[in-house]
Structure formats: C-alpha cells, structure tokens
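Down below is the structure, laid out as structure tokens.
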Protein chains: 2
Amino acid sequence: MGITSSQVRQDFSSFGGYGLQRYGYDVESLHQEIGNILGLNTIRNMIIIGAGSLGQALAKHKEFEKKGFKVIAIFDVKTELIGQKITEHEIRHLDSLPHFLENNQVDIAILTIPENFGREVAAYITELGIKAIWNFVPIELKTPDDVIVENIHLIDSLMVLGYNLKHKRRE
Amino acid sequence: MGITSSQVRQDFSSFGGYGLQRYGYDVESLHQEIGNILGLNTIRNMIIIGAGSLGQALAKHKEFEKKGFKVIAIFDVKTELIGQKITEHEIRHLDSLPHFLENNQVDIAILTIPENFGREVAAYITELGIKAIWNFVPIELKTPDDVIVENIHLIDSLMVLGYNLKHKRRE
DNA sequence: TAGATTGTTAATCGATTAACAATC
DNA sequence: TAGATTGTTAATCGATTAACAATC
C-alpha cells in the first residue's frame, strides 16, 4: 500500500496496542478490531437522493452492504422515475421523505443530484434531521456543525489525473 | 471552500503571479490560466473497462466531456453485454482492445471491473501502453513507474464517513 | 500619494519517518 | 536468555498559516 512500517505502528497505537512484541500481530483479531473502530459491525441505513445513473449504480452496488452500509430507499423528483424499481426499491418522490423519516431510521443520505440542486436539497434534508451526507455533488456543502459530510468529487479527481498526466508525475 | 487566503496566494504563486497588487485577481483570466495548468483545454480520450452499472453510469455522465475528458469506447468481457449500446458506444470485447489502440489515441483508462480482476486487467492494459488509470477498483494497483494512477475508492470513503459518524467528528 | 492587496518569507502545525527502548 | 518485533519518543518533512514588504 506504499505505507511504511512506522506509519502502521504509529496509526495502530493511536487506538491502543494490538500486537505482541516479538510475535507480531494476530491478523484475525486485528482485522476484527479495525472493523470495530470503523463501526463495520453496526448496520447503517442509507437513502439515495437522486435516481440518475450514478444514484442507480450506487443502489446496485453490492459491496457497501457487505460492510454494513445498507441502502433502504431511493428518492427523486422526476415524475417519470417515481415508482420505477431499482433492485428491490421503488423510487419515491422526495416530498415523501419527511414521512419516510418518521418511520425509518436513516443514518446516511447519499446525494447524487445535479449540481444546481445541491445546496437546496442539502439544506432540506439537514433540516429534516439527516446527520451524515455522502456527497457526490461537485460543490462544498455548507451544513450545520453537527452534520458530517464526506465528499466524492469525481471531476476533481479526474482533473488531478489530467494534471499529473500533463506533468508526468506519479501520484 | 474552507481555505485561507494565505493558501490561495501560496498555491497560485507556485505557478506564477496572476494577480495585480492593489487590484486583486481578474477572475476570467485566472480561471482560464488554471484551466491551462490542469490541461482542461486539451481533449483527453478515455476508455471505460468494465461495463457494469458503475461503468455505464460514468459513460452517461456529461460533466466529464465539458472539462475535456471524452469517453470514446467501453469494454467488457461478458458476452451478453458485448454489442449493447451505452449512449453512442457499443460495448466491445476486451480482446479487441489491442486492435482498438492501434487506431485510436487513448489517454486514460477507467477501471470499473470487479476486484478480483483488478491486477490482471491493470497489467494487461499497461502492457498495451496505457499510461494513466482512473481506478475504481478497491485495491492498490502495482503499475510501472511511468503509469499514473488516480484512485476512487468508494468503500474507503464510506468507511471514513462511518467512522466520523460514530465518533461525531466533522470532516 | 495613500492604501489595499498581492507575492514571498518566516512560523507554525501536523503527519510521516526514523530511532530505539520495552518486552514477550 | 537472546532476538525479533512492537510501542513510543524524537527527528524530519511538507503543507498550512501568519506576517509583512513590494507595488500597482
């Protein structure tokens, strides 16, 4: 992974000692422990907001659930999409979100909507009590202090790649 | 964007001076200049390897081309996918890649294949002369020194979000 | 000229790496 | 006990922030 042994030990020790001097680490229990730290043993319910091709692709992705991240609903505003089925989920209208939240625990909202709706929808869902956003919209969301945002900015990543390609620089 | 004015000036000055003291920056020409640095005015031809839902979603994404990143072909190995149309592109068999490369300039390969094929396919395409990989496979690719890799590790990002959520920490 | 803002140097901060003592 | 490897302290490195002189 391009990481030094020093860094590995340094990082592990932030969370406590997991190894046995002289013998090394027990891979099985270390793996388990890291999973605990990351909270992989608890199930997180996620909703997808924006049922475009990216939103649909994420809904179909199977790897997330294996790590405890479960998609429980998909929302959009386009009437032609409402009712359509993606995997086992019918696309719901965003207007039904407040009602949905009353009856379901939602831990994370995945934002895969067009750029121009980004701020508006982010404000809407945080007002409804969403505390974590996985943001695929290429903008910096301004959210209340207690809301956690994790960004996936695809175009930024691609531009970094383009820059490195132009300047022939690795990573 | 949560960046200090110091950092902005520091970063700009790495590439030269673009501002006028006392007056500030001319946004239009600065924007143009940053585009030049990132190479946004040159067109990059990209191919998608792996026509699953994620690969298809990226093919349909319109924002990349606006920044000069153009998808010119999609490859897979699943026979039932070959010939199927995604936007204007027919899905081609990966075996036809060498022939395709003889007749087309490819700057970037987008890897959206299952994890277990990651290393094998990366080795295959770098051997064929691909110099840049936008890697969506959740592994660290080992590639020759002159190959540029930019990773999008979705599950890592999601786990970071999960961690921050558990420990109630912002960004 | 006076003043606002850039460009640049210096200080600070945090993360990575190195060194080494603790210990199983 | 001897030696290998962890855990931790110290050194290094790079990036961010602060300070300020240059200048339009």
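Just so we're on the same page: letters track the sequence lines, and every chain starts at 1. Every value quoted in this text rests on a predicted model; they were computed, and no experiment measured them.
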>> On a heavy-atom basis, which atom in Asp146(B) and which in Lys131(B) lie closest, and how many Å separate them?
In response: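 Where Asp146(B) meets Lys131(B) most closely, the heavy atoms are OD2-NZ, 2.8 Å.
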> Taking the side chain as C-beta and beyond, is there a heavy-atom pair between Gln84(B) and Gln56(B) under 4.5 Å?
Replying inline: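 Yes, close enough: below the 4.5 Å cut-off.
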Distance, rounded to the nearest Å, where [X] contributes [atom1] and [N] contributes [atom2]:
X: Arg9(B); N: dA4(C); atom1: CZ; atom2: P; result: 15 Å
X: Leu30(B); N: dT6(C); atom1: CG; atom2: P; result: 10 Å
X: Phe15(A); N: dT6(D); atom1: CZ; atom2: P; result: 18 Å
X: Asp11(B); N: dT8(C); atom1: CG; atom2: P; result: 13 Å
X: Phe12(B); N: dG7(C); atom1: CZ; atom2: C1'; result: 12 Å
X: Gln7(B); N: dG14(D); atom1: CD; atom2: P; result: 17 Å

> Can you tell me if the side-chain N/O atoms of Thr4(B) get under 4.0 Å from OP1 or OP2 in dT16(D)?
Replying inline: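 No, because none of the side-chain N or O atoms of Thr4(B) sits under 4.0 Å from OP1 or OP2 of dT16(D).
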>> Measuring to OP1 and OP2 of dG7(D), would you say a side-chain N or O of Tyr25(A) lies under 4.0 angstrom away?
In response: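 Yes, within the criterion.
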>> Hydrophobic cluster membership, with links at side-chain heavy-atom distances under 4.5 Å among I/L/V/M/F/W/Y: are Ile3(B) and Val27(B) in one?
In response: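 Each belongs to a different hydrophobic cluster.
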> Same cluster or not: are Ile43(A) and Ile48(A) linked, directly or through other Ile, Leu, Val, Met, Phe, Trp or Tyr residues, by side-chain heavy atoms under 4.5 angstrom apart?
Replying inline: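 Unlinked, Ile43(A) and Ile48(A) end up in two clusters.
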> Would you say Glu28(B) has more than 12 foreign heavy atoms packed within less than 6.0 Å of its CD?
Replying inline: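 Result for CD/Glu28(B): open.
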> Contact class for Ser6(B) vs. all strands (heavy atom < 4.0 Å): base, sugar-phosphate, or nothing?
Replying inline: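 If one applies the 4.0 Å heavy-atom cut-off, Ser6(B) turns out to touch a base.
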> Less than 6.0 Å separating the ring centroids of Phe64(A) and Trp134(A)?
Replying inline: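 Aromatic pair counts; centres sit under 6.0 Å.
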> On a plain distance test, is the side chain of Gln10(B) in donor-acceptor contact with the base of dT8(C) below 3.5 Å?
Replying inline: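 Such a pair does not exist between side chain and base.
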>> Could you work out how much the helix from dG3(C)-dC24(D) to dC24(C)-dG3(D) bends, comparing the axis of its first five pairs with that of its last five, to 10°?
In response: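 For the helix from dG3(C)-dC24(D) to dC24(C)-dG3(D), the axes at opposite ends meet at about 10°.
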